[in-house]
Amino acid sequence: MNITTDFLVIGSGIAGLSYALKVADSGQVAVVTKREMSETATNLAQGGIASVLSSEDSFAAHVRDTMVAGAYLSDEDVVRMVVQRGPQAIADLINWGVRFSKKDDNTYDLTREGGHSRRRILHAKDMTGQEIERALVEAVKSHPNITVYEHHIAIDLITDAKAGTVKVKPNRCLGAHVLDITESKVHTLGARVTVLATGGAGKVYLYTCNPDVATGDGIAMAYRAGATVADMEFMQFHPTTLYHPRAKSFLISESVRGEGAILRRKDGTAFMEQYHELRDLAPRDITARAIDNEMKIHGDESVFLDITHRDPDYVRNRFPHIYETCLKYGIDITVEPIPVVPAAHYICGGVKVDRWGESDLVNLFAIGEVAFTGLHGANRLASNSLLEGVVFADLVAQRSLARIKEKHHPIPRIQPWDYGKATDSDEEVVVAHNWDEIRRCMWNYVGIVRTSKRLKRALRRIQMIKDEITEYYWDFYPTSDLIELRNIATVAELIVRCARMRRESRGLHYNLDYPERDDANWKKDTLIRKKL
Ligand code: SIN
C-alpha cells in the first residue's frame with residue numbers, strides 16, 4: 001500500500017503527540033506507533049516535568065542546574081531557550097487536559113529531584129507520564145486530521161539518495177517504509193515532513209527501566225539514512241530501580257529522594273555524604289556511580305532506599321504507584337527500605353538537530369529522547385526530558401508549518417519495499433540469541449564504569465553480530481523482532497564508537513583509563529555520520 005501525508009510522526013509519546021496536535025489543523029498527520037498508542041516511555045515517567053513556576057525559583061537557577069548536571073557540555077543557548085519556554089510548554093499541556101497534582105491551597109505541588117537547587121518539578125502523584133499520555137491520547141483521538149497506525153513499525157527512512165529518482169541536493173527525507181505487524185505487510189508512507197519521536201534505547205542494555213519499545217529505532221534509521229548522530233556515549237543509568245527477581249527494573253522515582261528518602265548500605269549506614277555535598281540529591285551520574293561503587297566494595301547485590309521516617313499516610317498518598325507495586329513484591333515501603341540498583345534509563349545523545357529540531361537531512365526532524373538538541377550535555381538533569389519534548393514539538397511544528405508552505409520539489413514516486421528472495425524465518429532462536437548477546441555485552445563492557453580494553457572488546461563483538469544480522473536480515477521477511485534487533489545492534493555500535501572517541505571522563509561517561517575531565521581537548525560533542 002502507498003500512503004501519502006503531510007506530516008509523518010513516528011512514535012506516540014509526549015513529543016510525537018504534542019507535535020501532532022500542534023500541526024493537525026494545517027494538514028493530514030499520520031502517527032505510526034509500534035504497539036498500542038500509549039505504550040511509550042512517557043507513560044512510565046514517574047517523577048515529573050521541570051519548569052520555573054515558583055517565585056522562589058528563576059530561569060538563571062534552572063539554567064545553572066542543567067549546566068552543572070550536564071558537566072558543562074550542554075549548549076547554554078539551547079538550555080536557556082528551553083528553560084525560558086518551560087512555562088508556555090506547561091500551559092500547553094494543561095490546555096490539552098493534563099491534571100498536575102495541587103496542594104490544599106490549589107497551587108501546583110512542586111517537588112525536587114537530583115541536581116535541582118529548587119522545587120520546580122510538576123507531577124501527577126508518581127504517575128506523571130501516565131497522566132500526560134492519557135490527556136494527549138484523548139486529544140489526538142478526537143482530532144479528525146490525525147490518523148494513528150498502531151502496531152506499525154518503521155523499517156527505514158526513504159530519502160532522495162535511496163530512492164534514486166531525482167537528483168535533489170541536499171538529500172531530503174521523503175517518508176518511511178513501515179511494517180504492518182499484524183498483517184505482515186510493508187507499506188510505503190510518503191510525507192512532506194517526517195518527524196522521529198521514537199524515544200530512547202534502554203533495551204540496548206540487559207537491565208533497563210525503559211519499556212520494551214525503547215530499541216533506538218529512530219537513531220538507527222536516521223544514521224542509516226545519513227543523518228549525523230551525536231554524544232551517544234552518554235547513556236544515563238537511573239540510580240534506583242527495584243531489585244527483585246520478578247520486578248524487571250521497576251523505577252523508584254528520584255522524587256522519593258526529593259521528598260527525603262536516604263540511600264543506605266545493607267547495615268543501614270547512609271553513604272551519599274561521602275560522594276557529593278548534595279548527598280542523596282546529587283546529580284544522577286554521581287549517584288549511580290556511588291551505588292555501583294558501594295555494591296562492588298561491599299559485595300552487595302543492592303543498596304537500600306529508605307523513606308520509613310516519613311509519615312506512612314503521606315508516603316501512600318504521594319507515591320501510590322510505587323507503594324502498591326513494591327507491596328506486590330512483598331515490600332512495604334512505609335516500614336522497610338527498598339532494595340535498589342541502577343539500570344539504563346535515558347540516552348542523552350541522538351540524532352543531531354538544529355534549534356528548530358531539524359536534522360542534517362532536509363525535512364527529517366527529531367524530537368524527544370531520540371534527538372540530540374544540546375540540552376542535556378554529558379548527563380541529563382532529572383525531569384528536563386518531558387520539558388524538552390514539548391518545547392521542541394512546538395519549534396518543530398513552527399518550522400514544518402513554514403516548510404510545507406515553501407515551494408518544493410515534488411515527492412517522487414517511491415518504489416515499494418523490495419522483498420527480494422525473502423522467505424519466512426524459521427530460526428527465531430537466532431534473533432533471540434543475538435538480542436541477548438548484545439544486551440549482555442553492553443551491560444558488562446559498556447556500563448557505568450568503562451575501560452578502553454572493554455570498549456574495544458565490545459566493539460568487536462557487536463560488529464560481528466551486526467554482520468550476522470545483515471546477512472540474516474535480508475534473507476527473511478521483516479518481523480518487528482528482527483527490525484528491533486537490527487536497530488539495537490546499530491545503536492550499541494554507535495554508543496561504543498562514541499565512547500571510544502571520548503578520551504576523558506565526563507558526566508555519564510566514566511573510563512578508568514582516562515579518569516579526569518579534560519576541558520582543553522574534550523569540551524565538545526562526539527559526532528558520527530555514515531558515509532553513503
Ligand atoms: C524519575 O522519576 O526518577 C525519573 C525522572 C526523569 O528521569 O526525569
Side-chain angles (χ1 to χ4, degrees), residues 13-15 40-51 62 65-66 69-70 74 82-83 86 89-90 93 100-101 109-116 119-133 199-202 205 208-211 214 234-242 249-261 263 278 280-288 291 305 307 315 318-323 325-326 333 338 340-348 350 368-369 373 375-377 379-391 507-508:
I14 187 169
T40 62
T42 299
N43 205 42
L44 298 188
Q46 294 179 358
I49 176 162
S51 184
H62 192 178
D65 292 347
T66 303
S74 305
V82 172
V83 162
I90 301 297
L93 289 173
F100 292 110
S101 293
D109 181 36
L110 301 174
T111 190
R112 265 186 84 179
E113 285 179 324
H116 288 274
R119 285 189 169 263
R120 66 167 70 97
I121 294 148
L122 276 160
H123 63 96
K125 299 213 171 186
D126 58 353
M127 292 165 284
T128 313
Q130 197 175 309
E131 170 56 13
I132 292 174
E133 190 76 20
Y205 285 86
T208 176
C209 42
N210 286 179
F234 299 121
M235 169 56 81
Q236 185 171 72
F237 292 82
H238 196 289
T240 57
T241 66
L242 178 60
S249 305
F250 172 71
L251 186 74
I252 308 293
S253 175
E254 205 155 283
S255 51
V256 179
R257 275 178 285 134
E259 299 303 343
L263 283 161
L278 287 172
D280 297 276
L281 283 178
R284 241 173 231 183
D285 53 338
I286 289 159
T287 313
I291 294 175
L305 186 65
I307 188 138
V315 172
R318 174 65 181 82
F319 301 109
H321 181 48
I322 295 171
Y323 172 76
T325 307
C326 288
I333 68 170
I338 313 164
V340 288
V341 287
H345 180 60
Y346 190 93
I347 183 104
C348 296
E369 192 171 347
T373 64
L375 175 69
H376 305 310
N379 173 43
R380 178 182 63 97
L381 182 67
S383 288
N384 265 357
S385 44
L386 295 178
L387 175 66
E388 183 193 44
V390 189
V391 168
L508 299 159

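Ligands are counted one by one from 1 in listed order, and the atoms in each one are counted from 1 as well.
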Could you tell me, atom by atom, which parts of ligand 1 come under 4.0 Å of a heavy atom of [X]?
X      : value
Gly47  : 1 (C), 2 (O)
His345 : 4 (C), 6 (C), 7 (O)
Ala382 : 8 (O)
His238 : 1 (C), 3 (O), 4 (C)
Ser383 : 6 (C), 8 (O)

Does one side chain, of [X] or [Y], offer a donor that lies under 3.5 Å from an acceptor on the other?
X      : Y      : result
Gln236 : Asn379 : yes
Gln130 : His321 : no
Ser385 : Arg380 : yes

Look at Glu113 together with Arg257 and state whether they make a salt bridge at an N to O cut-off of under 4.0 Å.
no
Is it the side chain (CB and beyond), the backbone, both or neither of Gln236 that lies under 4.0 Å from ligand 1, heavy atoms counted?
neither
Under 30°, 30 to 60°, or over 60°: which ring-plane class applies to His62 and His116, parallel, tilted or perpendicular?
tilted
Set of residues satisfying ring pair (Phe, Tyr, Trp, His ring centres under 6.0 Å) with respect to His123, sequence neighbours excluded
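For His123, no residue satisfies ring pair (Phe, Tyr, Trp, His ring centres under 6.0 Å) once neighbours in sequence are set aside.
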With respect to atom 6 (C) of ligand 1, which of Arg284, Glu254, Glu113 exhibits the smallest heavy-atom separation?
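The nearest heavy atom belongs to Arg284.
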Test your reading of the structure: does Ser253 have an N or O sitting under 3.5 Å from an N or O of ligand 1?
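Right, the criterion is met.
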